[in-house]
Structures are given as structure tokens and as C-alpha cells.
Amino acid sequence: MSPRGLIARIGEEGSYSEYRVGDKKAVEERLILCQKVAFDVMVDNLMNSELAVIESAEAITAIGHRAVHGGDVFVDSVVIDEIVMKQLYACVRFAPLHNPCNIAGIEECMRRFPGVPNVAVFDTAFHQSVPREAYIYALPYDLYSKHGIRKYGFHGTSCRYVSRVAADVLNRPLEDLAMVSCHLGNGVTLDAVKGGEAVDTSIGFVTFCGVPMGTRSGDFDPAIIFHLVKEQGRSLEEVERLCYEKSGFLGVSGISNDMREVEQRAGAGDDRCALAVDIFVYHIRKTIGTHAAAMNGLDALVFTAGSGENSTEIRSRVCAGLGVLGVKIDERLNEMVRNGHPNISAASAFVTTLVVPTDEERMIALDTVRLVNHGGQVPPPIASLALTYPERV
Ligand code: AMP
């Protein structure tokens, strides 16, 4: 397995860095106040620690970055130049939590490794193929044309990766397949992917809509916002926090934003936790149905990320309600996913159900190699190393 690292809880109590090379692992709890300090820690891990894998800065020939929001300008990843930076700054208004962190990382790389090309891999780029009837809201048209208010979609890098791996596993051309990919992590995105291109996606203009998530609400009637402001006298800031930070599994269960804990408590008889799981499963199932309708068919259903890769129960319950679409899983195979069996379909299923571990970092690295070494022309192979079910860091 290639080296992997994680720096978590930046700016919070309990911040730590975790770094693995093969089966060796270094975990360090330390105060990591901001992105800049995090960057120092990362470079130290890569170059100066006992597990260092890079001899010197000169060995770095390109750097890939996850960039959450590129607006509707980028349809693919790009080598970062001044214009790209301007667009990233312009999109801060759409992704105020994510883009500033992306920008900080890119600028720090430019400062530390001058002359090394940086590549931005946009989460939004994959969804630029969504047709306009799916991405334009039925609001006054000016809001779209003058102010950029539209569905953008997120987790495109993950979806692009798993849909390509899924085609490889199925041994069929991506161009022939209609798939729904279910990225069920801290953020949740369900994508309809037809012929390798996104044709609809569950998240919209901002990241709290679609299917409910850990602390984000998912879709609800927007009139509730007017009601909370006008009738209950809450401020808009309070309502915004409510939608992003106090809703989802946490809001319904009153216990946790972590599906593992919510599932566990539901199993032990907690009714509100059971309700949170029911709501989650229901919305996933319903979205798969609408996506299948958007594609006029469904060949494959792909589960990925946190609960998608790890929760036998969520997969089982979602699929149990999809017989009408031809989805049927083999519960014994569903239990065995961890042993490296991506296909969990029953023999009689019309739709193939797969569990594919996502690897956004690999997708970012592959795009970076493609753009820097091949000028964007030669797509490198993607699936050969993908199905190893690494322990997630
Ligand atoms: P990710 O963003 O992909 O790291 O996923 C994190 C989310 O996946 C958290 O909400 C976790 O609770 C959830 N998750 C991870 N493992 C499991 C599991 N075994 N069962 C249910 N949910 C899980």
C-alpha cells in the first residue's frame, strides 16, 4: 500500500497526525493550530521522520490538490495558474468552509516548492455533464444566469473513481453502463452515472441538501427556514448552523453524528436512533429510484465511503427495498465484503451491486500524473490496485 497520512481536528482540542507506510504507523497527538502548522507536520512526516519516503524537496515533481468548488468553469482537473487561483477565490462564497483550506494548501505548496506544478482536482468538475434541466432550479432565471445559483454537486472525485473501478470489475465498457454510486461518508452523495458521465447528483447548490448526513439535514421544505425566521424569531445565522451542524443523524437521534454509534444504539432499542437510521435508508433508496428514472435504467449500484463500505446493515436495508428495480443482494456475500468480494449481488439480480472502496487521493494522483506528464492526453490505468480494501486512516 502506498504511504498514507491524515491530520485531523486542526485548530481543535485533540488534534493529531497519523502516518502509515506499509504496516508501520506513526500517530502523534499534538497541538496543530492551523493549516500552516499542519503542512509543516505533513512535510516532516514525508521527509524527516523515521518513516520518511521522500529524500528531498527536489524529488517532488508535481503536487495534486483536492479542490472542492470550481464553480461551473472547470469540466476537468487543471494545472493551477493565476486564473485558476482567481476562480478558487471567487468560489469561496459557494464553499466557505472548504475553498479557503484548499487555497491555503495550494499557496503553501507554491511557497515551499517553487516551480513545481500544482494540479487542482475539482469535486464539482465531474458534475458539469449534468443536463441543465437537472441543475437549474425553477427559480427566476436571473439567479442562475447572473448569480450562479444552480446545482453544483460534490464528491465528484470519489464518484468518478468508483464508477471507473466498477466498470473494470464488471469487465464492461464504462460507456455502456448506467450506475448509481452511493458515497455514504461524512458527506453523502448519490450520483447517477450514465456512460461514465454524471447525469444527476443528490447534493445541490450547497453541501447540506440531498440525503441526510452526520450533522447536515439533507433536503427539506425551504418554507421551514421562513417559518423559523419569521415565526420563531431565529436569526439566519442560527438557522444556517442548524442545517449544517445540528441536523442529520445528530439532530434526529440527539446522540451522535456517527452512523456506527447511531446503528449500535438503534440495535440496543433507542427509538430515535432507529428513526435516524430509517430516515437515512429511506432517502438513499428513494434517491436511487429517482436516479434510475433519470437514466431510464440501472445496470449497477455501487456503495462506497464510510457506511457504504463498512455497514452490512445499511447496504442490506437499502437494497431490500429496491427489488422493483431488479436489485437483489446475497446476504452471505454482503457479509464477506471485507474479504475482497466487491460483487454482492444475488444470482437472480438484474442489477449488479458492488462495494468499491473509494480512493480520492489515488484519483487526484492519477489526474496529476495525466496532466503534468501527458498534457492531459493519456489516461493512466486506474483499477488494477483499487480493490485492496485498505484499513481506512
Ligand atoms: P468517511 O467520510 O468515508 O470517512 O465516512 C465516515 C462516516 O462513515 C461516519 O459517519 C461513520 O460513522 C461512517 N461509518 C464508518 N464505518 C461504519 C460502519 N461500520 N457502520 C456504519 N457507519 C460507518
Side-chain angles (χ1 to χ4, degrees), residues 4-10 16-18 20 66 68 97-98 101 123 153-163 165 181-191 202-203 207-208 210-218 244-268 270 272-285 302-320 329 331 334-339 344 354-364 386-393:
R4 279 185 174 254
L6 169 81
I7 297 172
R9 295 177 173 268
I10 297 169
Y16 65 95
S17 93
E18 191 172 308
R20 288 164 192 243
R66 179 183 184 202
V68 167
L97 297 180
H98 295 93
C101 298
D123 257 18
F154 299 89
H155 302 112
T157 308
S158 169
C159 178
R160 187 156 57 99
Y161 179 77
V162 298
S163 55
V165 173
S181 78
C182 308
H183 177 110
L184 313 179
N186 274 322
V188 172
T189 282
L190 270 67
D191 267 352
S202 59
I203 297 192
T207 55
F208 75 72
V211 173
M213 309 172 214
T215 61
R216 290 174 260 173
S217 61
Y244 277 103
E245 295 168 18
K246 298 186 176 173
S247 299
F249 315 150
L250 177 66
V252 177
S253 72
I255 302 259
S256 174
N257 65 342
D258 191 323
M259 187 40 78
R260 276 168 291 208
E261 191 176 353
V262 175
E263 259 186 22
Q264 207 177 22
R265 298 263 198 143
D270 185 303
R272 286 208 4 220
C273 285
L275 177 62
V277 180
D278 289 348
I279 292 175
F280 187 47
V281 167
Y282 175 72
H283 283 274
I284 296 169
R285 208 189 276 153
V302 187
F303 287 98
T304 192
S307 309
E309 289 171 30
N310 297 299
S311 176
T312 308
E313 182 187 336
I314 297 286
R315 290 193 300 264
S316 174
R317 290 191 52 195
V318 166
C319 294
I329 63 169
E331 289 299 346
N334 188 31
E335 297 277 351
M336 283 166 55
V337 165
R338 276 253 155 240
N339 296 332
I344 60 170
L354 300 173
V355 182
V356 174
T358 192
D359 196 339
E360 287 159 301
E361 289 83 358
R362 182 181 299 278
M363 192 76 251
I364 291 167
L387 287 168
T388 49
Y389 294 84
E391 196 187 330
R392 298 169 68 75
V393 293

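Counting convention: from 1, in listed order, for ligands and their atoms alike.
Remark: ligand 1 and Gly185 share no N or O pair separated by less than 3.5 Å (distance only, no angle test).
Counting only non-hydrogen atoms, the option in Ser256, Gly248, Gly306 that gets closest to atom 5 (O) of ligand 1 is Gly306.
Within the 4.5 Å cutoff, the side chain of Val165 has no heavy atoms near those of the Arg362 side chain.
Residue-ligand proximity, Ala305 to ligand 1, at heavy-atom distances under 4.0 Å covers atoms 3 (O). Taking every non-hydrogen atom of Ser307 and a distance limit under 4.0 Å, the qualifying atoms of ligand 1 come out as 8 (O), 13 (C), 14 (N), 21 (C), 22 (N), 23 (C).
Taking a 6.0 Å sphere around OH of Tyr244, one finds it holds more than 12 heavy atoms contributed by other residues, nucleotides or ligands.
Cys273 and Arg265 get closest at one heavy-atom pair: SG-CB, 3.5 Å.
Take Glu331 and apply the side-chain contact (heavy atoms from CB on, under 4.5 Å) test, not counting sequence neighbours, and it matches Ser316, Ile329, Asn334.
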